[in-house]
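Protein chains get the first letters and strands the later ones, always in sequence-line order, with residue 1 at the start of each. All heavy atoms count here, side chains included; hydrogens, waters and symmetry mates do not.
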Protein chains: 2
Amino acid sequence: MEQLRIPGPTPLPPEVMQAISRQMINHRGPEFHKIFQDITEKIKVFFQTKNDLLILTCAGTGGLEAAIVNFFSPGDKILGVSIGVFGDRFISIAKTYGANVIPLKFEMGQAANPEAVKKVLQDNPDVKGVIITHNETSTSVTNDLKTIAPIVKDAGKLLVVDGVSSIGSIDLPVDELKIDVAISGSQKGWMVPPGMVMLSVSQEAWQAYANAKMPRFYLDLGKAKDKLAKWENPWTPAVSIIFGFQVALDMMLKEGIQNIFARHALIAKTAREGLKELGLTLLVKDEKIASNTVTGVMGTNGLDTKKLTQIMRDQYKIVLAGGQGALEGKIFRIGHLGYVSVEDITDVIANLKLALPQAGFTR
Amino acid sequence: MEQLRIPGPTPLPPEVMQAISRQMINHRGPEFHKIFQDITEKIKVFFQTKNDLLILTCAGTGGLEAAIVNFFSPGDKILGVSIGVFGDRFISIAKTYGANVIPLKFEMGQAANPEAVKKVLQDNPDVKGVIITHNETSTSVTNDLKTIAPIVKDAGKLLVVDGVSSIGSIDLPVDELKIDVAISGSQKGWMVPPGMVMLSVSQEAWQAYANAKMPRFYLDLGKAKDKLAKWENPWTPAVSIIFGFQVALDMMLKEGIQNIFARHALIAKTAREGLKELGLTLLVKDEKIASNTVTGVMGTNGLDTKKLTQIMRDQYKIVLAGGQGALEGKIFRIGHLGYVSVEDITDVIANLKLALPQAGFTR
């Protein structure tokens, strides 16, 4: 059995695997209504929000698209903060739908500089909203939203946060930070298969929705909200994933939100320290911005990262991720979110110790 | 255990339930590549096509949207043939993205008149494409695509067919009919859970794609095609549903495409005759256009269709569907597609015989 240590899809607990294998039910019937209400309310606990929480059947990228097309019009000026592949993708989606994006890009491995965000907003009072990644999966950097969110909200802008690989694993208090739209994806910290995204939508965001002119149909959150009054989806939802969610959310509630955050922090620290002890160089030098759900490691000291991930998979049965975008072939990444323990990560480190010399690494 | 007799989601065979409960794997790894190639090639057998076959993570409506936004530009004139709720939805999507739609609507329960399609195309030589439903789930009517397709193609138009609830269950030879874009959905005749759609795309459609200006990102079929070269999806796909597909498709291949079509035809005939013997009135009088995947029954002779579906569910553990759109409260529908047998349907009829008087029906 392979150990899946990529930043999504993440391993499923046995309870979830059993839950998703249930027979189909009517997605317009009373049993479904009860389940959909249950998961909607419990997901909100981990979003730390009282805002509306909508569920769509799509990948995380579909969630990012929904977060753009529902709240903006062609020509709207958007500040697009990017610290990697997923920030760039968010900007690309906004541009595709005709937004006038001011890109604010930081070097891969760096976090967004709050002062730089503030400066762009001061220089561009006509910016309507800010789109920003909370946890950049491609670089294993977590942006300091607790500092950036007040800057955006004090400037009166709509704040749209890609929390796909953080919410439910890393603290992102949506209401406390006044985040207008936050997005997460089922296949990350939630311990269920890919195929669903969840978005929280503030009252201010709904006001923007009312005037937003970008075209939308399948990803229309207003339609999703209308149907939610009956605890339904406008379109046939991914019923089996919803079954999985019900069980996974109960496991998450039992563990407790603060314990989950602490576990992810401990696992990430274990990963980083173990990797450094092996003589490896982390992509993210500053511990304060290092992600608690994924860790990127550089191909230093002769290390061929592509060869390493192959050896780890084929010989040690541990599946790691490579680099994305400009970092392809230059880093490898360990995913450590969702159904994962400290032991799982010490096991990865122990096996890396054996595999590294085979992939050219010398201390 | 309830018997699910709605036109999707449809019941899962035990083999599929087991398959979808597998542990996650890397969606960018060699095992996934093999599985994705396998299902892509086998799905093409049931589309009866050598065209490209793309898989997206979304509901059927997302598939319809993909079939619009990838091949048309705002202002393009589209003939939108509708015989019910899903035809209307197809038109709504096209309008949402700025198409200039000529709606050609037929009464619910009727099929599209091929001569009327021909006439509109003759009167409007600037029509770029025709969007049409093959099997209209809301009315249980199957359009005569074998007559209509040549009319559309002889006129040189792009032919886009919603085969969500027909392909894999009812004969729709995509290549023989020169259908440019055909769409189906996982939760229909394919015996797998909802969450994935499949689209075939002809060379002519790809030429249209190259010039199509409607905005698209998540549903961009060009991106899907690019990634298919590596047997991947551009975004994280619904891995568990893909596991289910692999097993379901092997079951379908074992049964054989013609046998599957014949089984659906026999089951539908059994349903229609059984219902008529009970004194019920079918929505579709003309046997030639009656669907082989779903049957709509009218609320005649005092029958309260809403009450009937409740009684059938609560007392007889058989889940039927109500009417949609203008037919809400006026009909009930029996889904008979995918993992279903003649016995399943005779069982529905036997239970209906008991339930009908309880719902006000008198002969």
Side-chain angles (χ1 to χ4, degrees), chain A residues 1-2 4 6 8-12 17-31 56-62 64-66 68-69 74 89 92-93 96-98 185 187 193-196 214-220 233-241 244 313 319 321-322, chain B residues 1-2 4 6 8-12 17-31 56-62 64-66 68-69 74 89 92-93 96-98 185 187 193-196 214-220 233-241 244 313 319 321-322:
Chain A
M1 192 60 196
E2 281 178 348
L4 191 61
I6 61 174
T10 60
L12 308 178
M17 286 194 271
Q18 197 184 330
I20 63 173
S21 78
R22 263 193 70 184
Q23 185 54 279
M24 284 295 108
I25 60 171
N26 183 4
H27 63 302
R28 307 270 179 233
E31 185 184 3
L56 302 176
T57 308
C58 58
T61 300
L64 298 186
E65 184 164 320
I68 299 285
V69 297
R89 186 179 294 177
S92 293
I93 296 169
T96 296
Y97 283 87
Q187 80 280 15
M196 275 174 43
M214 285 181 184
R216 54 189 176 261
F217 195 95
Y218 179 65
L219 298 174
D220 189 329
N233 234 202
W235 333 118
T236 312
V239 176
S240 49
I241 299 172
R313 182 188 70 216
V319 182
Chain B
M1 190 62 194
E2 282 177 349
L4 192 61
I6 61 174
T10 60
L12 308 178
M17 286 194 270
Q18 196 183 333
I20 63 173
S21 76
R22 262 194 71 185
Q23 186 53 278
M24 284 296 108
I25 61 171
N26 184 4
H27 63 300
R28 306 270 179 233
E31 186 185 3
L56 303 176
T57 308
C58 58
T61 299
L64 298 185
E65 183 164 319
I68 300 285
V69 298
R89 186 179 294 177
S92 293
I93 296 169
T96 296
Y97 283 87
Q187 80 280 17
M196 275 173 43
M214 285 181 185
R216 53 187 177 262
F217 195 96
Y218 179 66
L219 298 174
D220 189 329
N233 234 203
W235 332 120
T236 313
V239 176
S240 48
I241 300 173
R313 184 188 70 215
V319 181

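- Looking only at heavy-atom pairs under 4.5 Å with chain B, the residue among A/A19, A/A66, A/P11, A/G322 that has the most is A/P11.
- Contact of B/S92 with chain A is made through backbone and side chain together, with heavy-atom distances under 4.5 Å.
- Contact count versus chain B (heavy atoms, under 4.5 Å) is highest, among A/G195, A/P215, A/G244, for A/P215.
- Screening B/N233, B/T57, B/T236 against A/P194 for a side-chain contact (heavy atoms from CB on, under 4.5 Å) leaves a single residue, B/T236.
- In this structure, the side chain of A/Y218 engages the main chain of B/A59 through a donor-acceptor pair within 3.5 Å.
- In this structure, B/Q23 and A/M17 approach most closely via the heavy-atom pair N-SD, 3.5 Å.
- When the salt bridge (Lys or Arg N to Asp or Glu O under 4.0 Å) test is applied to B/R313, no partner is found at least two apart in sequence or on another chain.
- Once rounded to the nearest 0.5 Å, the distance linking CH2 of B/W235 with CZ of A/R89 reads 4.5 Å.
- In terms of non-hydrogen atom pairs under 4.5 Å with chain A, the most contact-rich of B/R216, B/M196, B/E31 is B/R216.
- Of the atoms belonging to A/I20, heavy atoms from both backbone and side chain fall under 4.5 Å from chain B.
- The most heavy-atom pairs under 4.5 Å with chain B, out of A/C58, A/P193, A/A238, come from A/C58.
- Chain B forms more heavy-atom pairs under 4.5 Å with one residue of A/L12, A/I25, A/V239 than with any other, namely A/L12.
- The residue among A/I93, A/I241, A/V319 with the most heavy atom pairs within less than 4.5 Å of chain B is A/I93.
- Atoms CD and NE2, from B/Q187 and A/H27 in turn, are 7.5 Å apart once rounded to the nearest 0.5 Å.
- Heavy atoms only, all atoms of each residue included: B/Y97 and A/F217 are closest at OH-N, 4.2 Å.
- Using a 4.5 Å cut-off between heavy atoms, B/I6 touches chain A through its side chain atoms alone.
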